[in-house]
Amino acid sequence: MNDRQEKILDIIINKSIETQEELTSELKKEGFDVTQATVSRDIRKMKLTKVADFSGHLRYVAYSKTSEDLDEKYIRILRDGFISMDNAQNILVIKTVSGMAMAVAAALDHIKFNEIVGSIAGDDTIMCAVRSTGDVTNVMSRLRRILDH
């Protein structure tokens, strides 16, 4: 972790930072010459996330989660966002709650369906390119098992 990233941790621990713009401004006050793009990359690299504070505002926090915690988090996202699925040959189409397609696609990526070559997510729809039509059946069965538990 570099000095800037250490300062980011210090800032988000001691202040309620809601946006990348606020974080960029705080870093500049501390003498770091940064752009929002740099801060955005640091946020991704550091795996910072937003959580609601006591007043309901979202703020950045750093989590040190185990892979088991992350697995449960992604499964919860999948269950919360999933509405339905269907296929057209080797294309799996998943419908989600409005605004949840990208989060559900990220959950699918984390769960590591080796049969899925790649996914494209819109607002409420994910299109997954699957290696073969037989693999689509396997993916759909595995998804049903995850969703039913």
Side-chain angles (χ1 to χ4, degrees), residues 1-13 16-24 26-27 32 34-54 56-149:
M1 188 175 310
N2 63 37
D3 290 343
R4 183 182 63 248
Q5 291 169 346
E6 286 180 22
K7 182 49 78 176
I8 288 172
L9 281 178
D10 181 55
I11 291 169
I12 67 170
I13 288 168
S16 181
I17 302 296
E18 296 182 25
T19 66
Q20 291 180 12
E21 293 84 2
E22 287 177 41
L23 187 53
T24 301
E26 290 296 322
L27 284 167
F32 290 89
V34 294
T35 64
Q36 185 180 343
T38 300
V39 171
S40 179
R41 280 190 297 274
D42 284 340
I43 287 169
R44 275 194 313 277
K45 184 175 182 183
M46 297 168 68
K47 297 186 172 138
L48 301 182
T49 189
K50 286 186 177 184
V51 296
D53 63 16
F54 64 92
H57 293 102
L58 292 177
R59 63 181 295 240
Y60 283 105
V61 295
Y63 276 124
S64 58
K65 292 200 167 230
T66 64
S67 65
E68 188 174 294
D69 291 334
L70 284 174
D71 289 345
E72 186 55 40
K73 175 184 173 184
Y74 285 118
I75 289 170
R76 191 170 47 252
I77 289 169
L78 184 61
R79 287 179 181 150
D80 289 348
F82 180 89
I83 292 178
S84 66
M85 64 182 154
D86 201 352
N87 72 296
Q89 295 187 11
N90 69 317
I91 302 294
L92 174 62
V93 178
I94 299 172
K95 291 300 229 171
T96 70
V97 173
S98 183
M100 288 288 293
M102 291 186 79
V104 172
L108 289 172
D109 287 345
H110 176 79
I111 296 170
K112 294 189 175 41
F113 287 88
N114 294 326
E115 301 91 343
I116 297 177
V117 178
S119 301
I120 300 171
D123 181 61
D124 64 356
T125 305
I126 305 165
M127 292 184 64
C128 302
V130 183
R131 292 190 192 284
S132 70
T133 54
D135 286 339
V136 171
T137 305
N138 295 339
V139 170
M140 291 175 78
S141 295
R142 187 170 164 206
L143 276 171
R144 281 190 197 97
R145 284 194 302 277
I146 291 170
L147 293 165
D148 290 342
H149 283 95

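Keep in mind it's a predicted model, so treat the numbers as computed, not measured. The figures that follow rest on heavy atoms only: side chains count, while hydrogens, waters and symmetry mates do not.
- In this structure, T49 and K73 approach most closely via the heavy-atom pair OG1-NZ, 4.4 Å.
- Partners of D86 according to the salt bridge (charged side-chain N to carboxylate O under 4.0 Å, His left out) rule, which considers only residues two or more places apart in sequence or in another chain, do not exist here.
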Step-by-step side chain to side chain contact (heavy atoms under 4.5 Å, CB included) determination, R131 to N90: CA-CA 7 Å; R131 292 190 192 284; N90 69 317; over 6 Å; no

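- Residue S84 holds its OG atom at 11.0 Å from CG of L147, rounded to the nearest 0.5 Å.
- Not counting sequence neighbours, D135 has no partner by the salt bridge (charged side-chain N to carboxylate O under 4.0 Å, His left out) test.
- To the nearest 0.5 Å, atoms CG (L108) and CD1 (I116) are separated by 5.0 Å.
- A 4.5 Å side-chain heavy-atom check between Q89 and T133 finds at least one atom pair inside the cut-off.
- Going from atom CG of L92 over to atom CD of E115 covers 10.5 Å, rounded to the nearest 0.5 Å.
- The two residues F113 and L143 come nearest to each other via the heavy atoms CZ-CD2, 3.8 Å.
- R142 is linked by a salt bridge (charged side-chain N to carboxylate O under 4.0 Å, His left out) to nothing, counting only residues two or more places apart in sequence or in another chain.
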What pairs of donor and acceptor atoms, side-chain ones from residues 1-10 against any protein atom, are under 3.5 angstrom apart with sequence neighbours left out?
residue: N2; atom: OD1; partner: R4; partner atom: N; Å: 3.1
residue: N2; atom: OD1; partner: Q5; partner atom: N; Å: 2.7
residue: R4; atom: NE; partner: D42; partner atom: OD2; Å: 2.5
residue: R4; atom: NH2; partner: D42; partner atom: OD1; Å: 3.1
residue: R4; atom: NH2; partner: D42; partner atom: OD2; Å: 3.3
residue: Q5; atom: OE1; partner: N2; partner atom: N; Å: 3.4
residue: Q5; atom: NE2; partner: D42; partner atom: OD1; Å: 3.0
residue: K7; atom: NZ; partner: D10; partner atom: OD2; Å: 3.3
residue: D10; atom: OD1; partner: N14; partner atom: ND2; Å: 2.9

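- Taking E22 as the reference, nothing meets the salt bridge (charged side-chain N to carboxylate O under 4.0 Å, His left out) condition, with sequence neighbours excluded.
- Side-chain contact check for V97 versus D80: every heavy-atom pair is 4.5 Å or farther apart.
- Side-chain atoms of T38 and L27, non-hydrogen and from C-beta on, never get closer than 4.5 Å to each other.
- One finds the OH atom of Y60 at 10.0 Å from the CD1 atom of I17 (value rounded to the nearest 0.5 Å).
- Partners of A37 under the side chain to side chain contact (heavy atoms under 4.5 Å, CB included) rule, at least two apart in sequence or in another chain, are T35, R41.
- Rounded to the nearest 0.5 Å, atoms OG (S119) and CD1 (I91) are 10.0 Å apart.
- Within a 6.0 Å radius of CE in M140, more than 12 heavy atoms belonging to other residues, nucleotides or ligands are found.
- Under the side-chain hydrogen bond (donor to acceptor under 3.5 Å, both in side chains) criterion, R44 pairs with S40, sequence neighbours left out.
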Give every donor-acceptor pair under 3.5 Å between a side-chain atom in residues 120-130 and any protein atom, sequence neighbours left out.
residue: D123; atom: OD1; partner: G99; partner atom: N; Å: 3.2
residue: D123; atom: OD2; partner: S98; partner atom: OG; Å: 2.9
residue: T125; atom: OG1; partner: K95; partner atom: NZ; Å: 2.9

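- The shortest distance between side-chain heavy atoms of F82 and I94 falls below 4.5 Å.
- Checked against side chain to side chain contact (heavy atoms under 4.5 Å, CB included), N114 has no partners two or more places apart in sequence or in another chain.
- Here NE2 of H110 is found 11.5 Å from CG of L78. Values are rounded to the nearest 0.5 Å.
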